[in-house]
Amino acid sequence: MGSLPHFNPDDDREGARVHPAVAELRAAVAAADALLLCTPEYAGALPGAFKNLLEWTVGDGSTYRKPIAWINAAGPAAPTGAADAHESLRKILAYVHADVIDAACVRIEVTRDMVGVDGTLTDPAAREAIADALDTLARAAAERA
Ligand SMILES: Cc1cc2nc3c(=O)[nH]c(=O)nc-3n(C[C@H](O)[C@H](O)[C@H](O)COP(=O)(O)O)c2cc1C
């Protein structure tokens with residue numbers, strides 16, 4: 001995400017004629033059977049850098065009918081529980097005709113004390129909830145395949 005140029009329709013070309021970071025992103029999305037997303041909310045919206053990533057996936061249709069879900073990890077202190085970011089995400093995914101798997105879209109509150117020094121989530125219940133969401137998403141992708 002950090003290497004992507006800002007989206008510009010003039011730079012949105014086919015195949016290898018795009019920026020290498022865009023080509024890499026598109027290849028990874030195209031190769032995936034499903035996507036599980038997780039994003040914070042900043043200032044009442046999706047982070048600009050993540051929205052930029054999504055904009056690069058519109059033109060090549062790589063998310064068209066792709067099974068996609070998201071985990072909302074907003075902690076109890078988040079004022080709106082990141083509701084606006086996830087509403088915006090749903091709107092964008094509808095626009096590209098992604099196949100949103102609602103049963104795998106879950107809110108799992110993650111607080112700082114649930115994350116170890118190496119960045120790994122240590123809380124067993126949260127880990128299990130994420131595994132359940134992944135399982136649900138994988139099953140949905142397998143059914144569609
Ligand atoms: C600049 C900034 C703006 C944020 N804006 C929102 C917001 O509008 N709504 C929200 O629910 N959370 C907001 N948050 C909280 C983040 O989405 C996220 O939950 C939090 O930064 C991660 O948890 P931590 O601060 O405990 O590490 C914001 C955080 C930052 C750093």
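Note that the numbering runs from 1 along the sequence shown for the chain.
- At a threshold of 4.5 Å between non-hydrogen side-chain atoms, the residues Val58 and Tyr95 count as touching.
- Taking 4.5 Å as the limit, every side-chain heavy atom of Asp33 sits out of range of all side-chain heavy atoms of Pro67.
- Closest approach of Pro40 to Ala85, counting heavy atoms only: O-CB, 4.1 Å.
- In this structure the side chain of Glu109 never reaches within 4.5 angstrom of the side chain of Asp123, judged on heavy atoms.
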Please report the C-alpha distance between Leu89 and Leu54 in whole Å, then the side-chain angles of each, then the deciding distance to 0.1 Å, and finally whether the side-chain contact (heavy atoms from CB on, under 4.5 Å) criterion is met.
CA-CA 9 Å; Leu89 185 56; Leu54 294 172; 3.8 Å; yes

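- Rounded to the nearest 0.5 angstrom, Leu93 CG and Thr57 OG1 are separated by 8.0 Å.
- Side chain of Ser88 to backbone of Asp84: no donor-acceptor contact under 3.5 angstrom is found.
- In this structure, OG1 on Thr39 lies 6.0 Å from NE2 on His86, to the nearest 0.5 angstrom.
- At a threshold of 4.5 Å between non-hydrogen side-chain atoms, the residues Asp102 and Arg90 count as touching.
- One N or O on the side chain of Asn72 and one on the backbone of Gly81 form a donor-acceptor pair closer than 3.5 Å.
- Not a single donor-acceptor pair under 3.5 Å links the side chain of Asp11 to the backbone N or O of Val18.
- The minimum heavy-atom distance between Asp12 and Arg26, with the atom names listed, is OD1-NH2, 2.7 Å.
- When hydrophobic clusters are built by joining Ile, Leu, Val, Met, Phe, Trp and Tyr residues whose side-chain heavy atoms come closer than 4.5 Å, directly or via intermediates, Leu46 is not grouped with Leu36.
- Ile108 has its side chain out of reach of Met114: every pair of non-hydrogen atoms, C-beta onward, lies at least 4.5 Å apart.
- Taking NE2 of His97 as the reference point, atom OG1 of Thr63 lies at 10.0 Å (rounded to 0.5 Å).
- In this structure, Val29 and Lys66 approach most closely via the heavy-atom pair O-NZ, 2.7 Å.
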Can you check side-chain contact (heavy atoms from CB on, under 4.5 Å) on Glu55 and Leu4, steps first, answer last?
CA-CA 11 Å; Glu55 286 167 10; Leu4 291 168; over 6 Å; no

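- What you find for Cys38 and Ile71 is that their closest heavy atoms are SG-O, 3.4 Å.
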Output, in order, the C-alpha distance, side-chain angles, deciding distance and verdict of side-chain contact (heavy atoms from CB on, under 4.5 Å) for Trp70 and Leu35.
CA-CA 8 Å; Trp70 60 82; Leu35 299 180; over 6 Å; no

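- Hydrophobic cluster membership is shared by Leu121 and Leu137, with clusters built from Ile, Leu, Val, Met, Phe, Trp and Tyr side chains linked at under 4.5 angstrom.
- Residues Trp56 and Pro5 share a closest heavy-atom pair of NE1-O, 2.9 Å.
- Within 6.0 Å of CZ in Arg65 there are 12 or fewer heavy atoms belonging to other residues, nucleotides or ligands.
- A salt bridge is absent between Arg139 and Glu143: the closest approach of a Lys/Arg side-chain nitrogen to an acidic carboxylate oxygen does not fall below 4.0 angstrom.
- Residues Tyr64 and Val100 do not share a hydrophobic cluster, clusters being chains of Ile/Leu/Val/Met/Phe/Trp/Tyr side chains in contact below 4.5 Å.
- A continuous path of Ile, Leu, Val, Met, Phe, Trp and Tyr side chains, each step under 4.5 Å between heavy atoms, connects Leu37 with Met1, placing both in one hydrophobic cluster.
- Between the CZ atom of Phe7 and the CG atom of Leu53 there is a distance of 12.0 Å, given to the nearest 0.5 Å.
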Apply the test side-chain contact (heavy atoms from CB on, under 4.5 Å) to residues Lys51 and Ile92: give CA-CA distance (whole Å), side-chain angles for both, the deciding distance (0.1 Å), then the verdict.
CA-CA 9 Å; Lys51 174 73 163 40; Ile92 294 166; 3.5 Å; yes

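- When all heavy atoms are compared, the tightest approach of Thr80 to Glu41 is OG1-OE2, 3.0 Å.
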